[in-house]
Amino acid sequence: MPLVTSTEMFKKAYEGGYAIGAFNVNNMEIVQGITEAAKEVNAPLILQVSSGARKYANHTYLMKLVEAAIAETGLPICLHLDHGDTFELCKSCIDGGFTSVMIDGSHHSFEDNIKLTKQVVEYAHAHGVVVEGELGRLAGVEDDVNVSDEDSSYTRPEEVEEFVAKTGVDSLAIAIGTSHGAFKFKGEPKLRFDILEEVSRRLPGFPIVLHGASSVIPELVDKINQYGGNMPGARGVPEPMLRQAAKSAVCKINIDSDLRLAMTATIREYFAQHPEHFDPRQYLKPAREAIKDLVKNKIINVLGCDGKA
Ligand code: G3H
Ligand code: 13P
Ligand code: ZN
């Protein structure tokens, strides 16, 4: 099976009241852990690559890893550029075989966001590639850029119809209070489900995307802190909120930080228990297993896309 776009995945997810997991990949163990999990529970999958991941691992290596995962699992996999910030970056990923790109123009004015997004959509659609746009601005850390709470902003529902109509995007990321990274809420977690509802009322049948959707699983943070880490106050989106979102118009849920925590917690614990070991295979193997367990749990208990491949 070749790489697929997310079009069919989103149509079925919207109608079926579940969401597809979009997991960030940076190396072989992460690709393997995620795809082995999806294979075991027969789930459709979006693997996404940030520009930082592309700089770290190289486009061709990541393409080949994902192609290998498809050959091994036979799953429908969509390969997506996460947070593309320029036309040139999106074009390079489209030309290089990705089936989906995000153009994140959320830091531009409404008019410039439309202009840039439309330019990417025209090129992408001419090449059979789908496009995710963004309206509203998430807080948190993304590619070393830290967006403060003051600079973040909720999506304005009154803008979404015009944005979608003028750009031709295939899905829309919105800001309802989630944020990137491991420190999402200072106090009680709170999401603006009213904004999500109003957006979906204005865009019937249209797939919505939730970024910054890691739960920052407390057991993983505890383990990191127990084994020499220092992450006081780390907090994510509670799973029941994500389940509620997955049942709505949200068809794609982005998860990266939880993968990082699972890998780091496992490796920290491993070294605490085996200080004499130095073969990377010894500590990367349990780290890959931890990613697999985490992703299986997300698919079954949060996204609800098990059995939907
Ligand atoms: O939204 C950002 C993703 O977590 C990717 O992070 O840019 O550090 O690879 P990164
Ligand atoms: P987290 O930092 O919550 O995992 O969000 C990831 C994300 O939105 C990638 O685009
Ligand atoms: Zn994101």
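Order of appearance sets the numbers: ligands from 1, and atoms from 1 within every ligand. Below, all heavy atoms of this structure are taken into account, side chains as well, without hydrogens, waters or symmetry copies.
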Chemist: Flag the pair Glu198 and Arg202 as a salt bridge only when some basic side-chain nitrogen lies within less than 4.0 angstrom of an acidic carboxylate oxygen.
Modeler: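 Salt bridge present between Glu198 and Arg202.
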Chemist: Would the His274 and Tyr283 ring centres measure less than 6.0 Å apart?
Modeler: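 Not under 6.0 Å, so no.
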Chemist: Ile255 heavy atoms, cut-off 4.0 Å: which ligand 2 atoms fall inside?
Modeler: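 What qualifies from ligand 2 is 4 (O).
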Chemist: Relative to the heavy atoms of Gln48, which atoms of ligand 2 are at a distance of less than 4.0 Å?
Modeler: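 The atoms of ligand 2 under 4.0 Å from a heavy atom of Gln48 are 9 (C), 10 (O).
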Chemist: Side chains of His80 and Glu132, heavy atoms from C-beta outward: is any pair under 4.5 Å?
Modeler: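 Result yes, sub-4.5 Å side-chain heavy-atom pair found.
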Chemist: Report, in ascending order of atom number, the atoms of ligand 1 lying under 4.0 Å from any heavy atom of Asn24.
Modeler: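 So the answer, numbered in order with elements, is 3 (C), 5 (C).
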Chemist: Is Arg260 in contact with ligand 1, taking contact as a heavy-atom separation below 4.0 Å?
Modeler: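 Flag set, Arg260 near ligand 1.
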Chemist: For ligand 2, does Asn24 get within less than 4.0 Å through its side chain, its backbone, both, or neither, judged by non-hydrogen atoms?
Modeler: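 Within the 4.0 Å criterion, Asn24 contacts ligand 2 through side-chain atoms alone.
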Chemist: Output the list of atoms in ligand 2 that are nearer than 4.0 Å to some heavy atom of Lys184, sorted by atom number.
Modeler: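 Counting from 1, the qualifying ligand atoms are 1 (P), 2 (O), 3 (O).
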Chemist: Taking the side chain as every heavy atom from C-beta outward, state whether Leu81 and Cys90 have any pair of such atoms under 4.5 Å apart.
Modeler: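 Side chain of Leu81 against side chain of Cys90, heavy atoms only: contact under 4.5 Å found.
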Chemist: Closer than 4.0 angstrom: is that true for some heavy atom of Met102 and an atom of ligand 2?
Modeler: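 Per 4.0 Å heavy-atom rule, Met102 does not contact ligand 2.
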Chemist: Measuring only between side-chain heavy atoms, which start at C-beta, is Leu3 closer than 4.5 Å to Ile77?
Modeler: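 Touching, per the 4.5 Å side-chain cut-off.
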Chemist: Check each atom of ligand 2 against the heavy atoms of His211 and keep those under 4.0 Å away; list them by number with element.
Modeler: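 Taking each heavy atom of His211 in turn, ligand 2 has 8 (O), 10 (O) under 4.0 Å.
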Chemist: As an exercise, identify every atom of ligand 2 less than 4.0 angstrom from a heavy atom of His180.
Modeler: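 Near His180, meaning under 4.0 Å from one of its heavy atoms, ligand 2 has 2 (O), 5 (O), 6 (C), 7 (C), 8 (O), 10 (O).
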Chemist: For a salt bridge (Lys or Arg N to Asp or Glu O under 4.0 Å) check, start with the C-alpha distance between Arg288 and Glu36, then their side-chain angles and the critical distance, and finish with the verdict.
Modeler: CA-CA 10 Å; Arg288 180 173 62 191; Glu36 284 170 16; 5.1 Å; no
Chemist: For His83, counting its heavy atoms only, list the atoms of ligand 1 lying under 4.0 Å from any of them.
Modeler: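 Going through ligand 1 atom by atom, the ones under 4.0 Å from His83 are 1 (O).
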Chemist: For ligand 1, which part of Asn254 has a heavy atom less than 4.0 Å away: the side chain, the backbone, both, or neither?
Modeler: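 Near ligand 1, Asn254 shows nothing, with every heavy atom at 4.0 Å or more.
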Chemist: Can you find a heavy atom in the side chain of His108 that is under 4.5 Å from one in the side chain of Lys115?
Modeler: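 SC-SC contact between His108 and Lys115 ruled out.
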Chemist: Hey, what's the ring geometry for His277 with Tyr270, parallel, tilted or perpendicular (30° and 60° as the breaks)?
Modeler: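 Ring orientation of His277 relative to Tyr270: tilted.
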Chemist: Counting only heavy atoms, which portion of Asp256 has something under 4.0 Å from ligand 2: side chain, backbone, both, or neither?
Modeler: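 Both the backbone and the side chain of Asp256 come within reach of ligand 2.
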Chemist: Quick one: does ligand 2 sit under 4.0 Å from the side chain of Ser50, the backbone, both or neither, non-hydrogen atoms only?
Modeler: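 No part of Ser50 is near ligand 2 at this cut-off.
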Chemist: Number the atoms of ligand 2 from 1 as they appear, then name those within less than 4.0 Å of a heavy atom of His83, with their elements.
Modeler: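 Contacts of ligand 2 toward His83, numbered from 1: 10 (O).
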Chemist: By number and element, which atoms of ligand 1 are closer than 4.0 Å to a non-hydrogen atom of Ser50?
Modeler: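 With Ser50 as reference, the close atoms of ligand 1 come out as 5 (C), 7 (O), 9 (O), 10 (P).
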Chemist: With the side chain counted from C-beta on, respond yes when Arg54 and Ser92 share a heavy-atom pair under 4.5 Å apart, and no when they do not.
Modeler: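 Contact flag for Arg54/Ser92 side chains = yes.
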Chemist: Going by the order shown, which atoms of ligand 1 are within less than 4.0 Å of some heavy atom of His180?
Modeler: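 Reading through ligand 1 atom by atom, the close ones are 1 (O), 2 (C).
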Chemist: Considering the heavy atoms of Asp256, write down every atom of ligand 1 situated less than 4.0 Å from one of them.
Modeler: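 Per the distance check, 3 (C), 4 (O), 5 (C), 6 (O).
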Chemist: Tell me whether the rings of Phe163 and Phe110 are parallel (<30°), tilted (30 to 60°) or perpendicular (>60°).
Modeler: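 It falls in the tilted class, 30° to 60°.
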Chemist: Is any side-chain heavy atom of Pro207 closer than 4.5 Å to one of Asp170?
Modeler: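 No, too far: nothing below the 4.5 Å cut-off.
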Chemist: With respect to atom 8 (O) of ligand 2, which of Ala182, Ser215, Gly212, Ala22 exhibits the smallest heavy-atom separation?
Modeler: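 The nearest heavy atom belongs to Gly212.
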Chemist: As a test of reading the structure, name the N/O/S atom of His211 that is nearest the Zn ion (ligand 3).
Modeler: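 So the atom name we want here is ND1.
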Chemist: Does any part of the side chain of Val4, heavy atoms only, come nearer than 4.5 Å to the side chain of Thr99, both counted from C-beta?
Modeler: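 No, too far: nothing below the 4.5 Å cut-off.
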